[in-house]
S.K.: 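Please read through the structure below; I'll follow up with questions.
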Amino acid sequence: MLEGKRILLGVTGGIAAYKSVEIVSRLRKSGAEVDVVMTDSATEFVSPLTFRSISARPVYTKMFTEPKTWDIEHISLAQRADAVLVAPATANILAKMALGIADDFLSTVLLAVNAPILLAPAMNHAMYHHPATQKNLEILKGRRVHFIGPDQGFQACGTEGDGRMSEPAEIIAYLEGLFENKGIMKGQKVLVTAGGTREPLDPVRYIGNFSSGKMGYAVAQAFAEAGAQVTLVSAPADLSVPTGVKVLRVITAEDMYREVLKIYEEQDIVIKAAAVADYRPAILNKQKMKKKGESLILELVPNPDILAALGKGKRHQFLVGFAAETENILKNGLGKMKKKNTDMLVVNDVTASGAGFGTDTNIVSFLFKDGKRKDLPIMSKHQIARQMVQEIAILQNGAGTKE
Ligand code: CTP
């Protein structure tokens, strides 16, 4: 995917800068040419010589040093990039980009770029959650700047939280996605549902499930990368909304049912990745239920089956369901596809290692209406999502299933 591509890598001043050396190495192994631009602070963490050695190209740090080529470097670098990655991206560079400040080499190049930009933020989690940083993220997402991470975990400052730069392999996979399916879903309206619905019992409790929303968010991202106009109807999920995706937030299955049906008619493709609760408590207590010391029996009533309703009312839409199974995977999957009248079903065994809820990887099979089936090996949820985009694009062009 990255063979022959010119990637401009901006490195800003965070301890995660050392991981960017691995990014350059991986990019070069994939056949990409990498131009590295470092801010002054970045050079305090890693020497330009390290990046020069690994990229086998000059490293740019200062605005007014003797140019390495005959042309105006910040403009030519910006123009020749197929994609720009800033990793790590500090709170400072986010703020400068949001405001259009160009007071050093990197921020000046970033103002002149037309290629897609991917930022991998890394900072202390309090800085990440500061309203100023969050506002800047919002502004940049509105300009279709892409983001990956930050991830949760232990931080160099000794605290735990979100703020760690994503791992180099994940960053590279995202970059590949920017090229892989470029434009193949242009003009398509796509609705994706994600997350696990919550069915309240009282003001403080709910019945929920283990869905993290990762698969559905990856699907929304993959379609957006491929140029579709994506609406994500999301049940609670602790994930950031992918660039260019419109989100409608819901809590319960009934909320999701209402929101999805409202916009179903105008969609070309609908992907139901959400884990929808089949039942909800019959009574929603207005006050917190008090414990009584004896066993408690809850009465549950069925929720609407959203996918089945969509299948029933299907006209021009291409409808995709997911099936989370723990046994008889394919048999149950085929049964669901038929019963819910979907064009495609993604089945997975949620008990297999490397698959199911909360993991970054999954092991799935695609089942198609014409009886064809495609088994995928273990891969990241992002890779699976991109494969889905490709399969659906092929089916829509009438070319049959890609093997
Ligand atoms: N689904 C839905 N509405 C529901 C239940 C499920 O739209 N009330 C959708 C899911 O989003 C998924 C598909 O139906 O795309 C299959 O969901 P799954 O939980 O695997 O199956 P169920 O139909 O709920 O059947 P069971 O729980 O008996 O396996």
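Atoms within a ligand are numbered from 1 in the order they appear, just like the ligands themselves. Hydrogens, waters and symmetry mates are skipped; everything else that's a heavy atom, side chains included, is used.
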S.K.: Give the atom numbers and elements of ligand 1 that come within less than 4.0 Å of a heavy atom of Ala324.
M.R.: 20 (O)
S.K.: Partners of Lys19 by salt bridge (charged side-chain N to carboxylate O under 4.0 Å, His left out), sequence neighbours excluded?
M.R.: Glu167
S.K.: Tell me which one of Lys272, Glu325, Lys336 gets a heavy atom nearest to atom 15 (O) of ligand 1.
M.R.: Lys272
S.K.: Identify, for atom 28 (O) of ligand 1, the protein heavy atom at the shortest distance, and state residue, atom and that distance.
M.R.: Asp278 OD2, 4.6 Å
S.K.: Return the closest protein heavy atom for atom 17 (O) of ligand 1 as residue, atom name and distance.
M.R.: Phe322 O, 3.6 Å
S.K.: Which residue pairs pass the ring-ring contact (aromatic ring centres under 6.0 Å, His included) test when at least one of the two sits in residues 94-120, sequence neighbours left out?
M.R.: Tyr60-Phe105
S.K.: Write out the residue and atom name of the closest protein heavy atom to atom 10 (C) of ligand 1, then the distance separating them to 0.1 Å.
M.R.: Ala274 O, 3.5 Å
S.K.: Applying salt bridge (charged side-chain N to carboxylate O under 4.0 Å, His left out) between Asp35 and each of Arg80, Arg52, Lys5, Arg28, report the one that passes.
M.R.: Arg80
S.K.: In the protein, what heavy atom is nearest to atom 7 (O) of ligand 1, and what distance, to one decimal place, separates them?
M.R.: Leu307 N, 2.8 Å
S.K.: In terms of residue, atom name and distance, what is the protein heavy atom nearest to atom 14 (O) of ligand 1?
M.R.: Lys340 NZ, 2.9 Å
S.K.: Looking only at heavy atoms, is any part of Pro304 under 4.0 Å from ligand 1, and if so is it the side chain, the backbone, or both, or is it neither?
M.R.: backbone
S.K.: Considering only non-hydrogen protein atoms, determine which one is nearest to atom 3 (N) of ligand 1 and report residue, atom name and distance to 0.1 Å.
M.R.: Ile306 N, 3.0 Å
S.K.: With a 4.0 Å heavy-atom cut-off (strictly under), which part of Asn303 contacts ligand 1: side chain, backbone, both or neither?
M.R.: neither
